[in-house]
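Quick notes on the structure that follows.
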2 protein chains.
Amino acid sequence: MMKKETKNIALKRLSEHLSEKKLRATSQREIILGTFIDLGRHTTAEELYEALKKFDSSIGHATVYRALRLFVDAGIARELNFNDGSVRYESVIGKEPHDHIICKKCGAMVEFLDEKIREAQDEIAKKYGYSIKNRSHILFGICPKCRR
Amino acid sequence: MMKKETKNIALKRLSEHLSEKKLRATSQREIILGTFIDLGRHTTAEELYEALKKFDSSIGHATVYRALRLFVDAGIARELNFNDGSVRYESVIGKEPHDHIICKKCGAMVEFLDEKIREAQDEIAKKYGYSIKNRSHILFGICPKCRR
DNA sequence: ATTGGTGCAAAATTTTTGCAGTTGC
DNA sequence: GCAACTGCAAAAATTTTGCACCAAT
């Protein structure tokens, strides 16, 4: 999927969420969302803030943090915690759901999707009566390059 | 498994790790480990520090943080990140490996073990040539009580 | 006009680090 | 005695909050 298209879908979803929740459409939210999508993935609030400064220096830290939370609420982004000090965010637009396997040495990361795991998660949730809101599944290890 | 026994195994493992790595056995490390095991589970550094203050007020924050890292290195504890602000630690002694499903409303938590998921994880790792060091698998949802 | 949003700076939290003094080996 | 360990306080890093002003509806 093209990034342009992804961005449009994300903006549309944001706009829907805002009217649904009677929140306001601001230029900052649009700019932050656009930059977030451009950056690609696994972005921290600080990285996003730095990227924003490059072409609009007037957006503050707090606004970035608040926007990221908004994107999560709107179903545009999700939180990831790689235990590296800060929370990371990833766009869920135009992507299949997936999990991560990460090299503890060099950070090399692979995204994978396993149907059996998905189904087993759903079974577990059903068994205990939980409804799943989100799934955090990250494997940490050593990649082939670093092991050699 | 009795807690006393768990504690003994943990202390033994610590002692082995210390001599293996040529590190030193200190009373603080023993006390911290004992208290950590007593507390049970999913403990933050701060919670552990507070518990320690109750009967030995002289142990500092830094020592607790350093001890927890040591316990992870020694294979006594593992890190858990429930996205609630701070890293939590759990003893792995005397427990089957397991994952967690947590209620986002009330925090109610169930531990589960699913062989199919374990196997699928191993297959994924093999497929991409990674050797798994640790697994972080947490499902977030709403528990039956909170949904009613 | 009303209410939510923003930017800023301060505060709160969590974790790490530097260092002088202590202790295990 | 040497090097590791500790406690403390300061610093670093991340995130939240209070508030005066601004802007969307």
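In what follows, chains are A, B, ... by sequence order, proteins preceding strands, each numbered from 1.
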(message) Tell me whether the side-chain N/O atoms of B/Tyr65 come closer than 4.0 Å to OP1 or OP2 in C/dT16.
(response) no
(message) If you assign each of B/Ser27 and A/Leu23 to its closest nucleotide in DNA chain D, which residue comes earlier from the 5' end?
(response) B/Ser27
(message) Would you say B/Arg69 places a side-chain N or O within less than 4.0 Å of OP1 or OP2 belonging to C/dT15?
(response) no
(message) Output the rounded distance in Å from CG (A/Asp84) to C1' (D/dT14).
(response) 12 Å
(message) So which atom in B/Phe112 and which in B/Ile101 form the shortest heavy-atom distance, rounded to 0.1 Å?
(response) CE2-N, 3.9 Å
(message) Any heavy-atom pair between the side chains of A/Glu111 and A/Arg41 that's under 4.5 Å?
(response) yes
(message) Could you tell me if the side chain of B/Ile102 sits less than 4.5 Å from the side chain of A/Lys133, heavy atoms only?
(response) no
(request) Identify which nucleotide among D/dC5, C/dG5, D/dT15 has an atom closest to any side-chain atom of B/Thr26, counting heavy atoms from C-beta outward. (result) D/dC5
(message) I want to check something: taking the side chain as every heavy atom from C-beta on, are A/Lys53 and A/Glu50 in contact at a cut-off of under 4.5 Å?
(response) yes
(request) Round to a whole Å and report the spacing from NZ of B/Lys22 to P of D/dC5. (result) 13 Å
(request) Look at the side chain of A/Ala62 and decide which nucleotide, out of C/dC8, D/dT6, C/dG24, has an atom nearest to it. (result) C/dC8
(request) Mind calculating the distance between CG (A/Leu68) and C1' (D/dT16) to the nearest angstrom? (result) 14 Å
(request) Could you check which of D/dT14, D/dC2, D/dA23 has an atom nearest any side-chain atom of B/Arg24? (result) D/dC2
(message) Looking only at the side chain of A/Ser86 (C-beta and beyond, no hydrogens), which of the listed nucleotides C/dT15, D/dT14, D/dT16 gets closest?
(response) D/dT14
(message) Output the rounded distance in Å from CG (A/Asn81) to P (C/dT14).
(response) 14 Å
(request) On DNA chain C, check which nucleotide each of B/Glu46 and B/Ala25 is closest to and give me the residue with the more 5' one. (result) B/Glu46
(request) Specify the residue among B/Thr44 and A/Gln28 whose closest nucleotide of DNA chain C lies further upstream toward the 5′ end. (result) A/Gln28
(message) Any non-hydrogen side-chain atom of B/Glu5 less than 4.5 Å from a side-chain atom of B/Ile93?
(response) no
(request) Ignoring hydrogens and angles, state whether a donor on the side chain of A/Gln121 or B/His137 is under 3.5 Å from an acceptor on the partner side chain. (result) yes
(message) Check this for me: does the side-chain of B/Arg29 come within 3.5 Å of the base of C/dG24 through a donor and an acceptor?
(response) no
(message) Nearest to the A/Ser58 side chain among C/dT14, C/dG4, C/dG7, which nucleotide is it?
(response) C/dG7
(message) Over the length of the helix from C/dA1-D/dT25 to C/dC25-D/dG1, how much do the five-pair end axes diverge, rounded to 10 degrees?
(response) 30°
(message) On the side chain of A/Arg66, is there an atom forming a donor-acceptor pair with the base of C/dG7 - under 3.5 Å, no angle test?
(response) yes
(message) Once rounded to the nearest 0.5 Å, what's the spacing between atom OG1 of B/Thr44 and atom OH of B/Tyr65?
(response) 7.0 Å
(message) Rounded to whole Å, please give me the gap between CD1 in B/Ile32 and C1' in D/dT6.
(response) 10 Å
